[in-house]
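Side-chain atoms are counted along with the backbone in the values below, which use heavy atoms only and exclude waters and symmetry mates. Indexing begins at 1, ligand by ligand and atom by atom, following the structure's order.
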Amino acid sequence: MSRIYKIVVTGPFSAGKTRFIKAISEIDVVSTERKITRRIEGITKRTTTVAMDYGRVTLDDAVLHLHGTPGQARFDFMWDILAQEMDGFVLLVDSADLDTVDEARELIDIFTSAHAVPYVIAANKQDAEGAASPAKLRRALGLDADILVMPCVSTRKTSVKQVLLQLVEML
Ligand SMILES: Nc1nc2c(ncn2[C@@H]2O[C@H](COP(=O)(O)OP(=O)(O)OP(=O)(O)O)[C@@H](O)[C@H]2O)c(=O)[nH]1
Ligand SMILES: [Mg+2]
C-alpha cells in the first residue's frame, strides 16, 4: 500500500516554488497565478502565485500531495491554511538573491512553529550566475548543522526529485 503525504513547498517571493511543483507533478498543476501589477525591483517575471499551487507525484511507494504557497507576504493568510496537517515541507531560497534570506529565515520560523515536521532547505537556482553554494546559504541563514540544505534547480525534474526523495526519507 502506498503512503500518502502532504508536502508544503514554501519560500520567499520568486524563489521558484511554482516551477518546482510544475517540474515534477504528474497531473496538470492547479495554480493561481496572476499578472504582477506593480513593478518589483530585479523581477522580470510576469506572474505571481496569489493563493496556492497544487500538484501530485508518486515516488516509489509514496504519494506526495504538493501544496505551493504564495511568496508575497500580502497573501500570508494562505500560509496557515496550507500548513494544516502537512507532513513535511521544502523551503526554497533563490541562491542568487541573498537579499531574501531574512524573509526565508522568517518563513522557517513560521512553518516550524506551526507544526514540528521534517523539512529540507533547497538552495535553488544553482544554475544561475552568482548563485551561492548550499554551504554559503546555510551560513547566511544561520542554520544549525542538523538542518539539511540541498542544492536545487527547480526547472530540472531530476533535481526536484532528489530533494523530495530526501524529504520522504525523513518522514
Ligand atoms: N535559473 C533558474 N531560474 C529559476 C529556477 N527556478 C525558478 N526560476 C525562475 O525564477 C522565477 C520565479 O519562479 P516561480 O516558480 O514563479 O517562483 P515562485 O516562488 O513560485 O514565485 P511567487 O509565487 O511569485 O512567490 C521564474 O522566472 C522562473 O523561471 C531555477 O532553478 N533556475
Ligand atoms: Mg509561485
Side-chain angles (χ1 to χ4, degrees), residues 6-57 64-83 86 88-111 114 119-138 140-141 148-167:
K6 175 177 177 179
I7 305 298
V8 168
V9 178
T10 188
F13 173 64
S14 205
K17 304 172 291 292
T18 300
R19 278 301 183 103
F20 183 95
I21 294 175
K22 285 189 170 167
I24 193 101
S25 181
E26 60 206 11
I27 59 167
D28 280 344
V29 173
V30 180
S31 38
T32 57
E33 299 222 272
R34 294 291 179 272
K35 278 210 185 90
I36 295 175
T37 45
R38 291 171 309 149
R39 209 181 145 270
I40 303 172
E41 177 128 7
I43 297 295
T44 51
K45 68 172 193 154
R46 290 161 178 275
T47 59
T48 189
T49 304
V50 297
M52 66 179 293
D53 300 304
Y54 171 74
R56 195 191 64 215
V57 63
L64 308 185
H65 292 271
L66 304 171
H67 292 69
T69 70
Q72 297 187 66
R74 63 195 173 108
F75 303 121
D76 64 0
F77 59 91
M78 283 303 296
W79 296 346
D80 278 348
I81 294 170
L82 295 172
M86 67 176 170
F89 68 90
V90 177
L91 186 131
L92 295 167
V93 186
D94 182 342
S95 309
D97 184 8
L98 293 189
D99 287 347
T100 63
V101 293
D102 289 345
E103 217 178 306
R105 183 69 248 186
E106 247 175 75
L107 282 166
I108 295 171
D109 294 342
I110 290 169
F111 279 86
Y119 64 98
V120 173
I121 309 296
N124 197 33
K125 306 195 190 182
Q126 284 298 307
D127 62 324
E129 206 181 308
S133 65
K136 188 170 177 194
L137 184 67
R138 167 193 297 287
L141 287 166
L148 193 65
V149 182
M150 288 185 73
C152 182
V153 179
S154 268
T155 48
R156 286 187 206 140
K157 186 179 179 180
T158 49
S159 174
V160 171
K161 191 173 174 180
Q162 274 176 352
V163 171
L164 289 174
L165 281 172
Q166 179 60 52
L167 180 62

Near [X], which atoms of ligand 1 are under 4.0 Å from a heavy atom of that residue?
X     : result
Thr18 : 15 (O), 18 (P), 20 (O)
Gly71 : 25 (O)
Phe13 : 24 (O), 25 (O)

Polar atom proximity, [X] to ligand 1 (N or O, under 3.5 Å):
X      : value
Gly16  : yes
Pro70  : no
Ser154 : yes
Val153 : no

Any donor-acceptor N/O pair, [X] side chain to [Y] backbone, under 3.5 Å:
X     : Y      : result
Lys17 : Pro12  : yes
Ser95 : Asn124 : yes
Thr32 : Met52  : yes
Lys6  : Leu82  : yes

Report task. Kindly assign one of parallel, tilted or perpendicular to the pair His67 and His65, based on the angle between their ring planes and the thresholds 30° and 60°. Result ->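 Tilted: the ring planes of His67 and His65 meet at 30° to 60°.
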Query raised in the report: Parallel under 30°, tilted from 30 to 60°, perpendicular over 60°: which one fits the rings of Phe111 and Phe89?
Result: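 Rings of Phe111 and Phe89: tilted, as their planes differ by 30° to 60°.
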Query raised in the report: For the Mg ion (ligand 2), does an N/O/S atom of Thr18 lie at less than 2.8 Å?
Result: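 Here the distance criterion (N, O or S atom, under 2.8 Å) is met by Thr18, so yes.
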Query raised in the report: Hey, is the Mg ion (ligand 2) within less than 2.8 Å of some N/O/S atom on Thr49?
Result: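 For Thr49, the answer is yes, given that an N, O or S atom comes within less than 2.8 Å of the Mg ion (ligand 2).
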My understanding is that we take every heavy atom of each candidate and find the minimum distance to [atom]. Doing that for [options], which one comes out nearest?
atom                    : options                      : value
atom 22 (P) of ligand 1 : Met52, Glu33, Lys45          : Lys45
atom 19 (O) of ligand 1 : Arg34, Lys17, Lys125         : Lys17
atom 24 (O) of ligand 1 : Asn124, Val50, Thr48         : Thr48
atom 1 (N) of ligand 1  : Val160, Leu92, Asp127, Ile21 : Asp127

Requested in this report: Measure the CG-CG distance between Leu107 and Leu91 for me, rounded to the nearest 0.5 Å.
Outcome: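 Those atoms lie 6.0 Å apart.
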Requested in this report: Write out the residue and atom name of the closest protein heavy atom to atom 28 (C) of ligand 1, then the distance separating them to 0.1 Å.
Outcome: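 That would be Arg19 CG, 3.9 Å.
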Query - For atom 23 (O) of ligand 1, the protein heavy atom that lies nearest, with its residue and separation - result: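 Nearest neighbour among protein heavy atoms for atom 23 (O) of ligand 1, to 0.1 Å: Thr49 OG1, 2.9 Å.
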Taking all non-hydrogen atoms of both residues into account, name the closest pair between [X] and [Y] and its distance.
X      : Y      : result
Gly16  : Ser154 : O-OG, 3.2 Å
Glu129 : Ala96  : O-CB, 4.0 Å
Arg105 : Leu141 : NH1-O, 3.1 Å
Trp79  : Pro70  : NE1-O, 3.1 Å

Query raised in the report: What do we get for Asp94 next to ligand 1 when only non-hydrogen atoms under 4.0 Å count, side chain, backbone, both or neither?
Result: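 For Asp94, there is no contact with ligand 1 at all, from either part.
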Query raised in the report: Hey, is Ser14 one of the residues with a heavy atom under 4.0 angstrom from ligand 1?
Result: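 So Ser14 counts as touching ligand 1.
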